[in-house]
Amino acid sequence: MAHHDVSYLAPKETFLKTVMSWVYTIDHKKIGLMYLVAVLLMFFLGGVAAMLVRAQLWEPTRTVFVSEDGSVYMNPAEAPEGERDSLKTETRGIFFQPITTYVSRPAVNLLSGSTVGAVITASQDGSPSVSLPESDGQTSNPLNIALTDDGSPIFTETTDQRGNKVWELRRENPDSDEPGPVLASITVDGRGNPSAEAGSGLSTRKTTIREPGSTITTNNIYNRMFSLHGTIMVFLFIIPSIPAALGNIFLPIMIGAKDVAFPRLNLMSWYIYVFGGIFALYSVIAGGVETGWTFYTPYSTTTDWGSVTSMLLAAFILGFSSIFTGMNFIVTVHKLRVPGMGWFDMPLFIWALYATAIIQVLATPVLGITLMMLVFERMFGIGIFDPALGGDPVLFQHFFWFYSHPAVYIMILPAFGVISEMLAVHCRKRIFGYRAIAFSSIAIAAISFLVWAHHMFTAASPVANVIFSALTFLVAIPTAIKVFNWIATMYKGSIAWTTPMLYSAFFLFCFTIGGLTGPPLATLSTDIHLHDTYFVVAHFHYVMMGGTVLAFIGALHHWWPKFTGKMYNEFWGQIAGWTVFVGFNVTFFIQFFMGTQGMPRRYATYSPEFELMHKISTFGSWLLAIGFLIHLVVFAHSVFAGRKAPRNPWGGLSLEWETESPPLEHNFAREPVLTHGPYDYDTVVPPHYDPALYPLPERSDNAPSHH
Amino acid sequence: MTSAPKDKELKPWEAYIPQHHWRNATDEAEGAKLGMWLFLSTEVLLFAGFFCAYAFFRLLYPENWHDASRYYLDWEIGAANTAVLLLSSFTIVLAIRAAQQGNRGMMLIHLGITQLCAAFFLIVKLGWEYWPKIRDGKLPGIFFDYPAVYAQRAAEKAMIVAPDAIIPAAQVAGDYASTFTPGAHDHIFLSIYWISTATHGFHVLVGMFVIGWAMWKAYKWHYGPRHYTSLENVGLYWHIVDIIWIFLFPLLYLV
Ligand code: HEM
Ligand SMILES: [Cu+2]
């Protein structure tokens with residue numbers, strides 16, 4: 001089996017074989033890496049949409065009233081009595097402009113020589129409509145067509161010998177009330193094409209005219225942008241981000257296995273993801289959706305573009321990919337742990353992935369069937385969500401949140417896992433409260449199925465609200481347990497401020513803010529005010545971006561040397577990290593205040609008192625973008641010019657640090673022998689760790705001394 | 001990477017070696033079954049969505065539900081299909097038993113009977129349930145043809161009440177149809193009937209494909225006393241398809 005002793009990234013004999021070794025791979029590392037590239041691409045696309053949304057809010061398209069001293073009002077009635085008369089209106093807005101689509105229609109021109117005398121088109125009801133030519137904004141009547149008082153041509157309806165309808169256009173007759181001679185007789189065929197038979201001296205010519213059809217307003221564009229952002233970020237980026245990409249690469253290695261339990265299913269999950277992505281892409285090209293990522297009925301069943309159906313199918317298909325990954329991970333953890341590794345010898349990342357996988361398997365089918373029912377509703381009008389047919393739109397919300405609340409834990413639990421790994425390694429300390437962290441993941445997974453209606457406090461029944469509110473508070477307990485354990489892990493640790501460590505600290509800061517703003521939303525009296533405001537937007541960005549995304553980027557740096565075999569530039573990694581951290585907080589912290597002051601979410605415009613806060617938030621989004629771009633450069637530099645990574649640059653103890661960087665095709669040259677636990681820093685010297693190969697930033701000197 | 005038998009004497013099931021990342025064949029078989037159970041739990045949850053919708057609307061419109069079930073669905077057809085599916089669950093177990101005994105002939109016969117049962121189920125479903133419903137406009141949601149269906153109901157009622165009545169049936173029908181109140185929700189009942197039975201029917205169809213695949217593998221000697229994991233998994237899948245029907249049948253037909 002010598003040919004398996006090469007790096008999994010090693011090219012094959014020919015270029016074609018190399019390509020095929022990726023296309024048909026069943027190696028979990030390659031599949032994970034392809035997932036990683038895809039989710040980063042999706043993060044980029046979703047990020048572009050987010051930047052556009054924020055840019056629109058820098059200066060929304062709207063009409064405002066400005067007084068002489070420069071104060072701005074949305075409504076003249078808001079201005080002081082004396083100033084109302086001197087208000088000037090101003091149109092603001094730099095960004096999303098309405099888009100008018102033009103449609104072409106067949107027409108016939110009536111000509112005298114080369115002068116156009118009239119343009120004939122068919123109107124909706126099958127009769128013709130005739131208009132006079134215009135030049136320089138002036139209507140002229142070169143053929144002296146008889147006109148009504150308001151200047152539109154008169155034509156009379158008659159029937160020809162065969163009984164077909166014919167319309168006659170006449171010349172005006174100044175001398176008498178009788179109409180003048182016939183200029184042309186017009187017919188319209190069944191498909192709405194006009195044709196004309198011209199009188200003497202005149203001719204006709206077939207042509208088409210372009211006229212404005214429907215208009216997409218700035219609000220529509222705004223809706224599509226934030227919906228695009230939400231659906232991409234949730235279904236295509238954050239759900240697969242840590243589990244399907246990093247989890248795929250590291251789960252088998254960390255438990256000492258050669259692969260996941262079902263390698264072919266793993267590959268299938270990847271292709272299903274691509275397939276679902278294509279549906280989403282089609283939806284975007286076909287005009288996008290305006291429903292937000294939540295697809296609430298009745299809006300999602302009544303908007304009439306096909307792109308909604310396609311987006312629903314995309315989410316449905318992506319669900320299968322997520323289910324298959326989850327099934328695979330559960331069986332892998334159960335059956336493929338290296339001999340000697342009990343459940344409580346597993347790294348906490350594995351526990352987190354295991355808990356996540358349970359939710360993926362148990363919650364995603366419900367989303368699948370919900371979206372399917374919505375598709376049926378759109379295609380066959382089955383009526384179960386349609387009040388006009390006796391259905392109930394709120395039923396959809398129940399179905400949706402039954403999946404989507406657990407889904408927020410699909411998004412965050414893997415992040416909890418990587419934080420546990422990174423803190424232990426970079427603080428060089430045994431993780432504090434191993435079992436508490438492991439069990440709290442399972443507790444969160446269990447409770448997450450019982451709290452869905454906290455998204456519907458304004459729609460559900462009062463009794464149910466009280467119960468769901470109480471249950472929601474329970475979630476905060478296991479979450480807080482984790483946070484305290486992490487802080488205790490850092491206490492008296494030998495901290496090396498690497499980029500992953502920096503990100504772990506950022507995570508603790510931001511996620512705590514996000515978590516603490518959950519209870520005010522779970523409290524009925526306050527949620528009535530905060531629901532559907534920017535407070536909710538800030539809350540979930542602090543947990544999803546401040547939590548999952550920050551942990552994900554930290555984890556990328558943490559494991560980058562392992563799966564690429566290259567080191568990244570520590571200095572620029574940290575510069576980028578600080579930029580992201582500052583940008584993130586500038587963007588979102590202010591949104592808590594906007595929300596408490598009543599700024600509703602998902603609006604393309606706002607009243608002037610929110611202007612400064614929105615501008616600050618948009619400014620923050622630029623910082624964020626700059627930070628991410630620096631990260632991109634750092635990674636690109638590492639790929640092309642990075643130093644070769646040692647086996648164990650950080651001095652970690654879990655199994656992935658014992659194999660080569662990058663790992664071999666079958667992960668280990670021979671099945672690893674477990675001699676220590678993943679967090680035994682107080683008793684074990686990390687294997688293959690040589691600070692000379694890759695010097696870490698100086699460690700703090702309160703390292704535990706063990707005798 | 002199942003490698004082909006080196007020794008021509010060995011049948012594929014005898015020569016079977018597990019994929020490279022499994023420590024032994026037992027672990028592999030157990031893993032595959034665990035995976036299958038997880039998959040089955042997703043199937044149950046998928047149909048749970050339908051059952052929730054069903055429960056919700058039955059609580060909202062209890063009388064309508066009762067009435068619609070009686071009128072639109074024929075419990076005898078449903079019962080026949082139930083019996084057939086139960087039989088097929090039994091025969092697939094016998095096929096697995098035959099695999100354990102290394103009896104290829106019995107395995108193929110029992111899988112064949114299972115296939116026939118599945119085909120019977122689908123033919124009855126399409127020919128005796130779906131087709132007449134489509135013809136009569138007994139369709140889900142907006143496609144439900146109230147005037148036609150209620151006219152027909154009225155005509156049938158007239159036949160029962162007074163078979164020799166002098167009043168023209170059409171008139172009775174018209175009267176009855178006009179008594180139809182917008183409060184009726186037959187269309188919702190039928191929506192749920194259609195989407196849940198069609199989804200189930202789709203699972204039966206998929207079942208026929210995988211059973212066909214298992215028959216092919218059985219024919220090629222891939223199953224024997226020491227190796228029949230995928231046959232067992234096909235069996236598990238088929239049981240869940242049956243069990244779901246066993247819930248759908250009373251809920252829809254026997255309200
Ligand atoms: C500490 C425990 C948490 C509590 C008590 C909590 C509570 C809530 C409540 C009550 C809402 C609904 C607010 C409303 O719409 O009026 C909400 C919204 C939300 N939460 Fe949390 N949350 C917690 C943690 C998390 C975590 C960890 C995540 C994800 C990583 C998360 C993601 C979200 C999202 C995405 C929404 C908004 C969904 C939408 O309407 O689009 N939350 N949270
Ligand atoms: Cu929630």
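Only heavy atoms go into these numbers, but all of them, side chains included; no hydrogens, no water, no symmetry mates. Note on naming: letters A, B, ... go to the chains in the order of the sequence lines (proteins, then strands), and numbering restarts at 1 for each one. Bear in mind that the values here come from a model prediction, so they are computed numbers and not experimental data.
- Within a 6.0 Å radius of CH2 in Trp22(A), more than 12 heavy atoms belonging to other residues, nucleotides or ligands are found.
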Given Ile330(A) and Leu38(B), is the side-chain contact (heavy atoms from CB on, under 4.5 Å) satisfied, shown in steps? CA-CA 9 Å; Ile330(A) 293 180; Leu38(B) 288 169; 3.7 Å; yes
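- Annotation: maximal heavy-atom pairing with chain A below 4.5 Å, among Leu60(B), Val44(B), Ile188(B), occurs at Ile188(B).
- Separation of atoms CE (Met373(A)) and OG (Ser196(B)) is listed at 9.5 Å; rounding is to 0.5 Å.
- Of the two parts of Leu139(B), neither the backbone nor the side chain holds a non-hydrogen atom closer than 4.5 Å to a non-hydrogen atom of chain A.
- Heavy atoms of Ser41(B) lying under 4.5 Å from chain A belong exclusively to its side chain.
- For Phe399(A), the part sitting under 4.5 Å from any heavy atom of chain B is the side chain, from C-beta outward, and nothing else.
- Rounded to the nearest 0.5 Å, atoms CE (Met327(A)) and OG1 (Thr42(B)) are 7.0 Å apart.
- Between chain B and the residues Thr370(A), Thr332(A), Val331(A), Leu265(A), the largest count of heavy-atom pairs under 4.5 Å involves Val331(A).
- Contacts with chain B were tallied for Ala388(A), Gly368(A), Pro339(A), Ala363(A); Pro339(A) has the most, counting heavy-atom pairs under 4.5 Å.
- His398(A) is not listed as a side-chain neighbour of Cys52(B), based on a closest heavy-atom distance of 4.5 Å or more.
- To the nearest 0.5 Å, the span separating NE2 on His20(B) from CG on Asp259(A) amounts to 5.0 Å.
- The candidate with the highest count of non-hydrogen atom pairs below 4.5 Å against chain B, out of Gly390(A), Gly383(A), Gly326(A), Pro263(A), is Gly390(A).
- Looking at Ile384(A), both its backbone and its side chain come within 4.5 Å of chain B, counting heavy atoms on both sides.
- A donor-acceptor pair under 3.5 Å is formed between the side chain of His21(B) and the backbone N or O of Ala261(A).
- Contact of Glu671(A) with chain B is made through the side chain alone, with heavy-atom distances under 4.5 Å.
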I'd like to know whether Leu395(A) forms a side-chain contact (heavy atoms from CB on, under 4.5 Å) with Phe57(B), so could you lay out the CA-CA distance, the side-chain angles of the two residues, the decisive distance to 0.1 Å, and finally the verdict. CA-CA 10 Å; Leu395(A) 183 63; Phe57(B) 286 107; 3.8 Å; yes
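- A salt bridge does not link Lys335(A) with Glu28(B): none of the charged nitrogens is closer than 4.0 Å to a carboxylate oxygen.
- Summarising the geometry, atom OG1 belonging to Thr364(A) is positioned 9.5 Å from atom CG belonging to Leu45(B); distances are rounded to the nearest 0.5 Å.
- Looking at Arg23(B) and Lys258(A), their side chains never come closer than 4.5 Å, going by heavy atoms from C-beta outward.
- The side-chain heavy atoms of Ile369(A) and Phe47(B), taken from C-beta on, include no pair separated by under 4.5 Å.
- Environment of CZ in Phe51(B): crowded, with over 12 heavy atoms of neighbouring residues, nucleotides or ligands closer than 6.0 Å.
- The main-chain N or O of Leu389(A) is found under 3.5 Å from a side-chain atom of His187(B) such that the two form a donor-acceptor pair.
- Within 6.0 Å of OH in Tyr271(A) there are more than 12 heavy atoms belonging to other residues, nucleotides or ligands.
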Decide yes or no on side-chain contact (heavy atoms from CB on, under 4.5 Å) for Phe56(B) and Asp392(A), but give the supporting numbers first. CA-CA 10 Å; Phe56(B) 181 86; Asp392(A) 187 348; 3.1 Å; yes
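- Other residues, nucleotides and ligands contribute only 12 or fewer heavy atoms inside 6.0 Å of the CZ atom of Phe247(B).
- Both the backbone and the side chain of Phe39(B) come within contact range of chain A, each with at least one heavy atom under 4.5 Å from a heavy atom of that chain.
- Heavy atoms of Asp386(A) lying under 4.5 Å from chain B are absent altogether.
- Looking at Ala53(B), both its backbone and its side chain come within 4.5 Å of chain A, counting heavy atoms on both sides.
- Aromatic ring orientation, Trp22(B) versus Phe262(A): tilted (interplanar angle from 30° to 60°).
- In this structure, no portion of Met372(A) lies under 4.5 Å from any heavy atom of chain B.
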